[in-house]
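Worksheet: the structure to be examined is printed underneath.
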Amino acid sequence: MALSTQEADDDTQFILVLKMDNARNMSNILKAIHFKDTATVFASNNGLKVTVEDAKCIQANAFLQSTIFQDYKINEEQSTFKINLTVLLECLNIFGTSAVPGQTTALKMCYGGYGYPLILLLEENGVLTDCSIKTQEPDETLDFNFCSTNVINKIIMKSECLKEAFSELDMTSEVLEILMSPDKPYLRLSTFGNSGSTHSDFPKDSDMVESFQCTRTQTNRYKVSLLKPSVKALTLSSRISLRTDDRGFLSLQYMIRNDDGQICFVEYYCSPDEELDEEDI
């Protein structure tokens with residue numbers, strides 16, 4: 001391919017250069033967190049972390065490990081920039097989004113450092129196109145301080161059962177209530193919509209539950225409007241980890257397998273609905 005045979009000397013002007021044989025692998029992961037126009041990109045030796053936030057209440061992180069790229073080079077310990085995620089996705093899909101067997105779009109991405117644009121070179125069937133996307137000063141991202149030592153409850157399950165549950169819940173409800181407990185009903189999702197209350201229970205010994213670690217009963221409510229964007233990641237994922245900490249903050253970690261069989265992760269953090277806290281006081 002033309003991208004793979006380009007002279008490496010051309011790359012010395014950039015602090016970040018990565019190559020991927022199938023641009024869809026990056027596009028699919030980024031779509032899972034695309035609920036706002038802008039995103040902050042953190043590049044390090046480990047790979048890329050792309051962060052999207054809204055209303056200081058929800059944060060989504062897509063992790064693209066360096067190992068999923070055919071070539072990944074960074075000349076600094078870390079580089080951070082903000083970018084228009086909508087434009088980036090449009091560029092990644094410039095040859096179309098349909099998956100034709102045996103036909104992929106090769107990608108080369110280059111970044112020259114602070115103030116420089118993000119350069120994308122894409123090739124499909126010998127047709128080469130390049131895109132230049134303006135980068136911006138990165139905003140300070142939220143620190144949800146979600147520490148594993150403060151995790152109260154953790155459940156790992158197959159995504160398909162949650163997909164089914166989400167489709168049955170009444171999304172006219174303003175909140176989704178999540179009950180996690182070492183005792184029955186173990187895991188319960190509840191909504192309170194126009195047609196009344198709806199509950200979905202998941203026994204801990206279900207074939208769909210792979211790991212169940214609940215130390216105490218905990219009930220928290222989360223705004224449905226904040227959780228709706230995470231459904232994109234749920235649809236793509238094969239497994240999901242639900243965790244809550246001692247403050248009631250929620251972590252949803254999705255395991256997503258790309259077209260090449262490699263695994264990437266998308267994680268959502270969501271703060272609990274304050275109204276529930278006020279009612280409990």
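Numbers here simply count residues along the sequence, with the first being 1.
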Would you check if the side chain of S66 reaches a backbone N or O of G47 as a donor-acceptor pair within less than 3.5 Å? no
Presence of salt bridge, K49 and E267, under 4.0 angstrom: no
Can a salt bridge be assigned to the pair E174 and K223 using a cut-off of 4.0 Å between side-chain N and carboxylate O? no
Got more than 12 heavy atoms from elsewhere within 6.0 Å of NZ, K134? no
Donor-acceptor pair, side chain of N75 and main chain of F14, under 3.5 angstrom: yes
Can you name the nearest heavy-atom pair linking D139 to K82, along with the distance? OD2-NZ, 3.0 Å
Taking K108 for the side chain and L122 for the main chain, is one N or O donor matched with an acceptor at less than 3.5 Å? no
Are F212 and Y186 close enough that their ring centres sit under 6.0 Å apart? yes
Does the separation of the ring centres of Y116 and Y111 fall below 6.0 angstrom? no
Nearest heavy-atom neighbours spanning C214 and M180: SG-CB, 4.2 Å
Strictly distance-based, threshold 3.5 Å: is any side-chain N or O of S237 a donor or acceptor partner for the main-chain N or O of L234? yes
To the nearest 0.5 Å, atom CG of N46 lies from atom CG of L64 at 12.5 Å
In chain order, what residues pass the side chain to side chain donor-acceptor pair (under 3.5 Å) check against Q213, with sequence neighbours excluded? S211
Backbone N or O of I178 within a donor-acceptor pair of the Y222 side chain at under 3.5 Å? no
Q59 side-chain N/O to L142 backbone N/O, donor-acceptor pair under 3.5 Å: yes
Ignoring hydrogens and angles, tell me if any N or O in the side chain of Q70 forms a donor-acceptor pair with the backbone of D21 under 3.5 Å. yes
Kindly give the heavy-atom pair with the smallest separation between D130 and L121, and that separation in Å. CB-CD2, 3.3 Å
NZ of K232: more than 12 outside heavy atoms within 6.0 angstrom? yes
With a 6.0 Å cut-off (strictly less than), is the heavy-atom count around CG of N145, excluding the residue itself, greater than 12? yes
Side-chain donor-acceptor contact under 3.5 Å, N258 with N28: no
Could you tell me whether the side chain of S206 and the main chain of P203 form a donor-acceptor pair under 3.5 Å? no
Between F146 and F249, is the ring centre distance below 6.0 Å? no
Test the R24-F95 pair against the cation-pi criterion, namely NZ or CZ under 6.0 angstrom from the six-membered ring centroid and within 45° of the ring axis. no
Could you report the tightest heavy-atom contact between V52 and I33, atom names first, then the distance? CG2-O, 3.4 Å
Tightest non-hydrogen contact, residues T135 and F81, listed as CG2-CD1, 3.7 Å
Has N153 got a side-chain atom pairing as donor or acceptor with T215's backbone, closer than 3.5 angstrom? yes
V50 and V87: same hydrophobic cluster, using ILVMFWY side-chain contacts below 4.5 Å? yes
Determine yes or no for a side-chain-to-main-chain donor-acceptor pair under 3.5 angstrom, with S181 supplying the side chain and D183 the backbone. yes
